[in-house]
Amino acid sequence: SNLTMYQKSIVPKLLRPRLFYLTLSQQPSESPLYNAAEDNDESRKNNFESIIRKLKTVDEIESVSHAPFKLNYVAIIEHYECDKPEIDSLKKSILSFWFDMNTNALSTIGAEAAEGCPTIEELENIQFGDYDIILPESVDRFYFPDHRGVNEKYLIHRYSGYTEKYKVVGVIKDLRLQKNNRNTAIVYHHDTRPRLESPTLIIRLKKDIDTEEFINDNTEMLRELVATGNYYVWDISSVAETNHQAEVRSGIAANRNLRIALAALFLINLMLGVIGTVWLQTRRRISEIGIYRTFGALKINVRTMLVGENIILSTVAIIIGLLLYFQYALKEGLFDSVKYQEQYIQNYSWVADFAPHFAIVSAIVAAIILLCVAIGTYIPAHKASDIEPVDALRDE
C-alpha cells in the first residue's frame with residue numbers, strides 16, 4: 001500500500017544553514033536618491049539582473065536565486081487529481097510553491113534529485129513551461145505508486161470551471177522548507193510572474209562560513225553593492241532567524257521552551273529523588289558495607305555493587321513501564337493517532353510511524369533515566385564507601 005511505502009521513507013531534510021534573505025525595495029519618489037528614469041519595468045529588470053551578477057562576485061557567496069516568497073511563507077493550498085480514482089477520491093490538500101527555477105533556485109535551497117530522476121543541474125537548465133511542475137518524493141509516491149517515469153505523469157487542477165493539466169518534469173527528495181513543519185506535500189511551480197517591485201533574494205554561502213557572522217560583518221558592503229538604480233537593501237536576515245521569528249509569533253517557540261523546562265524539572269526531581277532514596281538505603285547498610293570492607297572489599301567494589309543494584313532495579317522498572325505503556329497504546333489506538341492530519345499528504349517517517357517512534361523514544365528515555373539513576377546512586381555510594389570499617393562496625 002501507499003502507507004507502507006511512506007513508512008520506508010526517511011525524515012525530510014531540513015534546509016541547511018548558510019542561507020539568508022536579502023530583501024530589496026525601491027526609493028520613493030520623494031527621496032533625494034530617487035531616479036525617475038529608472039522607474040520602469042525594463043530598468044527594474046536590468047538593474048535586478050545586475051544586482052544578482054554583482055552578488056555572485058562576492059567570494060563568500062556560493063549561489064544566488066530569486067525567491068518570490070520566503071521559505072516560511074504559507075503557500076496556496078490546492079487539490080490536484082491524477083488518473084487514479086481511488087487516489088483522487090481522498091481529496092488531499094497540497095501547498096503550491098513558486099520558484100524561478102532557471103535562477104539556481106533548487107541548488108540554492110539545497111534540493112537533491114530523487115533516484116532515477118533528472119539531476120538538479122538538469123532541472124535548472126531545462127526550459128520550463130507554464131504547466132511544468134516538480135514534486136517531492138512523498139507526493140510523487142502518493143499520486144504515482146506505479147513508478148512511471150517523469151514526463152509521463154500529469155496532475156489535474158480544477159477550479160471555478162477551469163481545468164489545468166500539469167506535467168511532472170522532475171522529482172526531488174523531500175525537503176523541509178520550515179523547521180516547524182514536516183509536511184512535505186508541496187508542488188513546486190516555475191514562477192512566470194517576476195515580482196520586481198520589492199524582490200527577495202535567497203543567498204547560499206560557501207561551506208564553513210557562519211551566516212550570522214557574515215551578515216554582521218558585511219551588511220554595509222552588501223548595501224553598497226546592491227544600490228543600483230532605485231533599488232536598495234530593505235532587510236538582511238538569515239533563514240534560520242526568520243524561521244525562529246515565525247516560531248515565536250506562532251507560539252511554537254514558547255510551547256517548545258515550556259516542554260524543555262518541564263523535562264528539565266522532571267530530570268532534576270528524578271535525580272534528587274534517587275539521591276535521597278539511595279542515601280537512606282546506604283545509611284541503613286553501613287554495617288554491611290563495613291563487613292565488606294573488613295573482608296578486603298575495595299572502595300570501587302562497594303560503589304560498583306550499590307550502583308549495579310540500582311541499575312538492575314531501574315532496568316526492570318523501565319521494562320515493566322514500557323510494556324504497560326505499549327498495552328495502553330494498543331488499546332487507545334495510538335498507532336493511528338501519531339499520524340498527521342488526514343487532509344494532507346504526509347511523509348510517513350519514523351516520527352509518524354508508531355513502531356520506530358516508540359522504539360527510538362523509549363530507548364532515549366531509558367538511557368536518560370539510567371544515567372540519572374547512575375549519577376544519583378554514585379554520589380551517596382561514593383560517600384558510603386569512604387567510611388572506615390572500624391567506624392562502620394562500631395555499633396555492631
Side-chain angles (χ1 to χ4, degrees), residues 13-35 37-39 43-73 97-112 120-121 124 175-180 191 194-249 253:
K13 182 182 70 175
L14 179 64
L15 285 176
R16 298 172 181 172
R18 301 188 283 131
L19 290 176
F20 70 93
Y21 299 114
L22 195 152
T23 304
L24 307 180
S25 187
Q26 295 186 88
Q27 300 289 352
S29 57
E30 61 272 16
S31 170
L33 299 178
Y34 173 75
N35 186 342
E38 302 287 349
D39 193 6
S43 295
R44 274 191 288 268
K45 181 176 181 296
N46 293 335
N47 291 332
F48 182 68
E49 292 174 351
S50 174
I51 289 171
I52 292 179
R53 287 194 298 271
K54 291 178 183 179
L55 289 170
K56 288 182 177 180
T57 63
V58 178
D59 291 338
E60 295 87 348
I61 291 178
E62 178 180 299
S63 182
V64 182
S65 177
H66 179 209
F69 304 101
K70 290 188 176 181
L71 300 178
N72 61 3
Y73 171 79
F97 210 92
W98 292 269
F99 282 119
D100 188 348
M101 299 296 181
N102 299 124
T103 61
N104 305 108
L106 295 173
S107 57
T108 299
I109 66 173
E112 298 177 3
I120 297 299
E121 183 179 359
E124 291 180 333
L175 185 68
R176 288 169 57 189
L177 296 181
Q178 305 176 57
K179 180 180 179 181
N180 60 342
D191 184 46
R195 298 163 179 83
L196 298 181
E197 288 73 19
S198 298
T200 296
L201 296 171
I202 184 167
I203 300 174
R204 173 177 288 274
L205 297 173
K206 292 181 179 177
K207 188 177 180 181
D208 299 327
I209 296 179
D210 183 83
T211 307
E212 298 294 342
E213 183 177 327
F214 174 83
I215 293 174
N216 292 335
D217 294 344
N218 296 278
T219 297
E220 290 305 317
M221 180 272 290
L222 292 172
R223 292 184 183 278
E224 294 177 4
L225 191 68
V226 166
T228 304
N230 286 323
Y231 281 124
Y232 69 96
V233 173
W234 173 262
D235 180 61
I236 304 175
S237 59
S238 68
V239 170
E241 178 60 24
T242 303
N243 284 340
H244 174 70
Q245 293 300 325
E247 290 181 359
V248 171
R249 289 192 299 269

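Distance check, rounded to the nearest 0.5 Å: CD of E197 to CZ of R44 gives 5.5 Å. N104 contributes atom CG, which lies 12.5 Å from atom CZ of F99 (distance to the nearest 0.5 angstrom). Here the straight-line distance linking atom CG of L201 with atom NE2 of H66 works out to 7.0 Å at 0.5 Å rounding.
Under the 30°/60° scheme for interplanar angles, the aromatic rings of F214 and F20 are found to be tilted.
Between D210 and R18 there is no salt bridge, since none of the side-chain N atoms of the basic residue sits less than 4.0 Å from a carboxylate O of the acidic one.
Across A111 and I120, no two heavy atoms sit closer than the pair O-CG1, 3.5 Å. Heavy atoms only, all atoms of each residue included: S31 and Q27 are closest at OG-OE1, 3.1 Å. Closest approach of A105 to S65, counting heavy atoms only: CA-OG, 3.2 Å. Shown here for Y231 and P199, the closest heavy-atom pair between the two residues is CE2-CD, 3.8 Å. In plain terms, the two heavy atoms of N47 and E38 that are nearest each other are ND2-OE1, 3.0 Å. Between I215 and S237, the closest heavy-atom pair is CD1-C, 4.1 Å.
A donor-acceptor distance shorter than 3.5 angstrom exists from the side chain of S238 to the backbone of E241, with no hydrogens or angles considered. In this structure, R223 contributes its side chain and V233 its backbone to a donor-acceptor pair below 3.5 Å. Without hydrogens or angle criteria, T228 side chain to V226 main chain gives a donor-acceptor distance under 3.5 Å. With hydrogens and angles disregarded, a donor-acceptor distance shorter than 3.5 Å links the side chain of N230 to the backbone of N35. No side-chain donor-acceptor contact under 3.5 Å links S43 to the backbone of D39.
Applying the side chain to side chain contact (heavy atoms under 4.5 Å, CB included) test between I203 and each of V239, V64, I52 identifies V64 as the sole match. Between S107 and the options R204, E124, E121, a side-chain hydrogen bond (donor to acceptor under 3.5 Å, both in side chains) holds for only E124.
At a threshold of 4.5 Å between non-hydrogen side-chain atoms, the residues S198 and W234 do not count as touching. Looking at L33 and Y232, their side chains never come closer than 4.5 Å, going by heavy atoms from C-beta outward. Between Y21 and I202 there is a side-chain heavy-atom pair separated by less than 4.5 Å. Residues L22 and L24 meet the side-chain proximity criterion, which asks for heavy atoms closer than 4.5 Å.
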Under the side-chain contact (heavy atoms from CB on, under 4.5 Å) rule, what do L19 and T211 come out as? Steps first, then yes or no, please. CA-CA 7 Å; L19 290 176; T211 307; over 6 Å; no
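Within a 6.0 Å sphere centred on CD of E60, heavy atoms belonging to other residues, nucleotides or ligands number more than 12. Surrounding NZ of K206 are more than 12 heavy atoms belonging to other residues, nucleotides or ligands, all under 6.0 Å away.
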